[in-house]
Amino acid sequence: MLPIQLFRQEKELVLAGLKKKNFKEIELVDKIVLLDEQRRALQVENDKLAAVLNTAAKNIGIHMSKGEKQEADTLKEMVTLHKEQAKDIAQRLSAMETEAQDMIIRLPNLPHSSVPFGKTPEENEIVRAGGTMPELGAHNMPHWELAVKYGLIDFELGNKITGSGFPVFMGQGSKLQRALIQYFLNFNIDAGFKEYSPAFMVNEASAYGTGQLPDKEGQMYHVTEDNLFLIPTAEVPVTNIYRDTITPEQELPIKMTAYSPCFRREAGSYGKDVRGLNRVHQFDKVEIVQIAHPAKSYEMLEEMVVHVEKLLQSLELPYRILRLCGGDMSFTSSLTYDFEVYSAAQERWLEVSSVSNFENFQANRMKIRFRDGNGKTQMAHTLNGSSLALPRIMACLLENNQKAEGIHIPFALQAYFGKNMIN
RNA sequence: GGAGAGAUGGCAGAGCGGUCGAUUGCGGCAGUCUUGAAAACUGUUGACUGUAAUAGGUCCGGGGGUUCGAAUCCCUCUCUCUCCGCCA
């Protein structure tokens with residue numbers, strides 16, 4: 001949620017940002033500014049009346065204690081006279097607040113100045129690429145065939161037990177999964193991130209805080225009986241650790257990491273994009289989250305990008321880093337880098353990580369603040385990224401490393417997996 | 001799931017219809033003393049909103065009600081604790 005002060009002070013900036021983000025309902029901005037002015041005027045009126053009534057109530061108390069019943073009754077009459085008016089103003093005020101809130105909540109975050117203009121994924125900017133493209137023989141297989149060949153994943157079994165998009169891992173597939181999680185977590189911990197094991201369900205307030213509600217409600221699994229949501233990413237519970245807190249400035253940045261399964265309904269997906277592990281309803285991911293000082297957040301973002309890049313390099317996978325254009329960025333983000341790895345058998349790039357700076361967009365909703373050197377509270381910036389999402393990493397590992405004798409395990413993973421080959 | 005108790009400022013904990021945004025202790029900050037630190041002593045210390053600046057307004061778990069006036073009374077929701085039940 002954008003802070004209201006921004007509309008008062010930097011309206012042009014807001015308009016330009018929304019345009020870059022390819023946001024359609026630009027007219028909302030003027031409505032918000034106007035409503036805010038009206039609201040404040042009414043607020044002053046409300047406060048003045050409240051002041052009069054407060055004083056009167058206080059004086060009644062004093063008169064009563066002195067036994068001056070006459071004076072007290074006169075004041076009571078006066079207050080009663082104004083009561084309806086006060087109630088009316090309060091009601092109008094609250095209606096205006098709700099209306100303004102409903103409009104502001106519909107506006108996406110503003111993009112950073114480095115975000116490229118554009119509307120479609122084709123207009124994303126390739127920042128850099130790394131790793132070497134594998135050369136596979138003509139008889140190469142996509143991961144869903146390799147998974148069957150080596151008995152790693154059973155998609156059919158998942159259909160039977162739960163439904164499509166809930167694959168069952170087994171044997172060496174399970175072990176590789178576990179090895180990846182362990183490796184990613186340790187890699188993050190070594191870089192100074194504190195590990196958390198959060199709950200995999202969150203309440204409404206948390207889902208609202210990170211921006212899943214009200215917008216993306218349909219993307220989450222909802223346990224209606226208890227009104228809880230299965231988390232679509234560990235970002236939700238982990239960022240919410242700091243909801244409604246004021247942190248001393250010197251404790252920033254706060255760096256957190258967590259493993260969690262992620263649950264996504266992925267309503268509306270279909271076709272070859274969703275084949276095998278490309279898109280599933282439940283998958284594992286290790287997430288990193290930071291609460292940062294506003295002056296340092298972009299520095300931290302670059303640091304996170306380098307961190308994830310090193311992780312991909314250690315897995316010996318060909319990758320590229322994209323800076324997303326305004327139209328392809330998420331609702332809540334100011335700047336997002338996507339990481340893609342090359343799936344050799346499918347001959348396409350698969351997104352495995354998304355690293356973003358949300359500036360104070362989430363912090364404003366969640367009231368994540370810090371106390372600066374002058375003792376004033378300020379909104380912090382929040383950032384997060386995947387390091388990493390497992391399914392597509394596994395897909396690429398299987399496909400890119402397939403040999404006649406088995407599937408090669410990259411060196412960094414061997415200690416965790418226990419051997420250097422799946423066969 | 002049943003019965004009972006509770007939710008107050010960073011923490012602990014008073015207040016139970018009027019001058020309470022809230023006694024006190026701890027913690028934090030500043031100072032005195034000290035070469036420095038500790039101890040002791042003194043002072044200070046909530047958030048939000050709002051104004052040109054003062055002022056004003058709101059907040060005692062959330063929401064609603066009674067009253068001239070609510071942290072205090074009533075209703076409701078959420079959460080916590082104790083006991084019982086169930087159970088990995």
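Below, read A as the first sequence line, B as the second, and so on, with proteins coming before strands; counting in each chain starts at 1.
Rounded to the nearest Å, the gap between the C1' atom of B:rG31 and that of B:rU19 is 32 Å. Using P as the reference atom, B:rC16 and B:rU23 are 14 Å apart when rounded to the nearest Å. Distance noted for atom P between B:rC75 and B:rG85: 30 Å (whole Å). B:rG2 and B:rC77 have their P atoms separated by 12 Å, given to the nearest Å. B:rU45 and B:rG9 are spaced 11 Å apart, taking the C1' atom of each and rounding to whole Å. B:rU54 sits 12 Å from B:rG50 when the C1' atoms are compared, rounded to a whole Å. Atom C1' of B:rU24 sits at a distance of 8 Å from the matching atom of B:rG13, rounded to the whole Å.
Within residues 80-99 of chain A, the residues that place at least one heavy atom under 4.0 Å from RNA chain B are, in residue-number order, A:Lys83.
What separates NZ of A:Lys367 from C1' of B:rC59 is a distance of 14 Å, to the nearest Å. Atom CG in A:Asp226 sits roughly 16 Å away from atom P in B:rC77 (whole-Å rounding). The CG atom of A:Asn227 sits 15 Å away from the C1' atom of B:rC79 (whole-angstrom rounding). For A:Met78 and B:rG69, the CE to C1' distance is 13 Å, given to the nearest whole Å. Atom P of nucleotide B:rG69 and atom CG of A:Asp73 are separated by 14 Å, given to the nearest angstrom. The OH-P distance, from A:Tyr242 to B:rG10, rounds to 16 Å in whole Å. Distance, A:Asp244 CG to B:rG61 C1': 12 Å, rounded to whole Å. For A:Lys376 and B:rG46, the NZ to P distance is 12 Å, given to the nearest whole Å.
With sequence neighbours excluded, the residues satisfying side-chain contact (heavy atoms from CB on, under 4.5 Å) with A:Thr336 are A:Leu324, A:Met329, A:Ser333, A:Asp338, A:Ser354, A:Ser356. With sequence neighbours excluded, the residues forming a side-chain hydrogen bond (donor to acceptor under 3.5 Å, both in side chains) with A:Asp30 are A:Lys11, listed by chain and number. Partners of A:Glu123 according to the side-chain hydrogen bond (donor to acceptor under 3.5 Å, both in side chains) rule, which considers only residues two or more places apart in sequence or in another chain, are A:Thr120. In this view, A:Lys285 and A:Glu287 satisfy the salt bridge (Lys or Arg N to Asp or Glu O under 4.0 Å) rule, not counting sequence neighbours.
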### Task
Could you run through nucleotides 47-57 of chain B and give me one letter per nucleotide, 5' to 3': B if any protein heavy atom sits under 4.0 Å from the base, S if only the sugar-phosphate is that close, - if neither?
SSSSS----BS
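Counting non-hydrogen atoms of other residues, nucleotides and ligands closer than 6.0 Å to CD of A:Gln250 gives a total above 12.
For RNA chain B, if you chain together Watson-Crick or G-U pairs that step i with j, i+1 with j-1 and so on, the runs of at least three with distances under 3.5 Å are B:1-7 with B:78-84, B:10-12 with B:24-26, B:27-32 with B:40-45, B:46-49 with B:56-59, B:61-65 with B:73-77.
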Return a table of donor-acceptor pairs under 3.5 angstrom between the side chains of residues 237-244 of chain A and protein atoms on other chains or two or more places apart.
| residue | atom | partner | partner atom | Å |
| --- | --- | --- | --- | --- |
| A:Thr239 | OG1 | A:Glu235 | O | 2.6 |
| A:Asn240 | OD1 | A:Arg243 | NE | 2.6 |
| A:Asn240 | ND2 | A:Ser206 | O | 2.9 |
| A:Asn240 | ND2 | A:Val236 | O | 2.8 |
| A:Arg243 | NH2 | A:Ser206 | OG | 2.9 |

Donor-acceptor contacts, no H, no angles, side chain residues 40-51 of chain A, under 3.5 Å, sequence neighbours left out:
| residue | atom | partner | partner atom | Å |
| --- | --- | --- | --- | --- |
| A:Gln43 | NE2 | A:Asp47 | OD1 | 3.1 |

Between side-chain atoms of residues 171-179 of chain A and protein atoms elsewhere (two or more places apart, or another chain), which donor-acceptor pairs fall under 3.5 Å?
| residue | atom | partner | partner atom | Å |
| --- | --- | --- | --- | --- |
| A:Gln172 | OE1 | A:Lys419 | NZ | 2.9 |
| A:Gln172 | NE2 | A:Asn423 | O | 3.1 |
| A:Ser174 | OG | A:Phe169 | O | 3.1 |
| A:Ser174 | OG | A:Met170 | N | 3.2 |
| A:Lys175 | NZ | A:Phe417 | O | 3.4 |
| A:Gln177 | NE2 | A:Asp284 | OD2 | 2.8 |

List, one per line, each side-chain donor-acceptor pair under 3.5 Å for residues 299-310 of chain A, sequence neighbours excluded.
| residue | atom | partner | partner atom | Å |
| --- | --- | --- | --- | --- |
| A:Glu302 | OE2 | A:Tyr337 | OH | 2.9 |
| A:Glu303 | OE2 | A:Lys255 | NZ | 3.2 |
| A:His307 | NE2 | A:Asn188 | OD1 | 2.7 |
| A:Glu309 | OE1 | A:Arg128 | NE | 3.1 |
| A:Glu309 | OE1 | A:Arg128 | NH2 | 2.7 |
| A:Glu309 | OE2 | A:Arg128 | NE | 3.1 |
| A:Glu309 | OE2 | A:Tyr319 | OH | 2.7 |

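Between A:Tyr221 and A:Phe263, the angle of the ring planes goes over 60°, which puts this pair in the perpendicular group of the 30/60° scheme.
Every pair passing side chain to side chain donor-acceptor pair (under 3.5 Å) that includes a residue from residues 84-93 of chain A is listed here, sequence neighbours excluded: A:Asp88-A:Arg92.
Nucleic acid contact for A:Ile60: base, since at least one base atom lies under 4.0 Å from a heavy atom of the residue.
At a cut-off of 3.5 Å, with distance as the only test, a side-chain donor of A:Asn109 or A:Ser334 sits close to an acceptor on the other residue.
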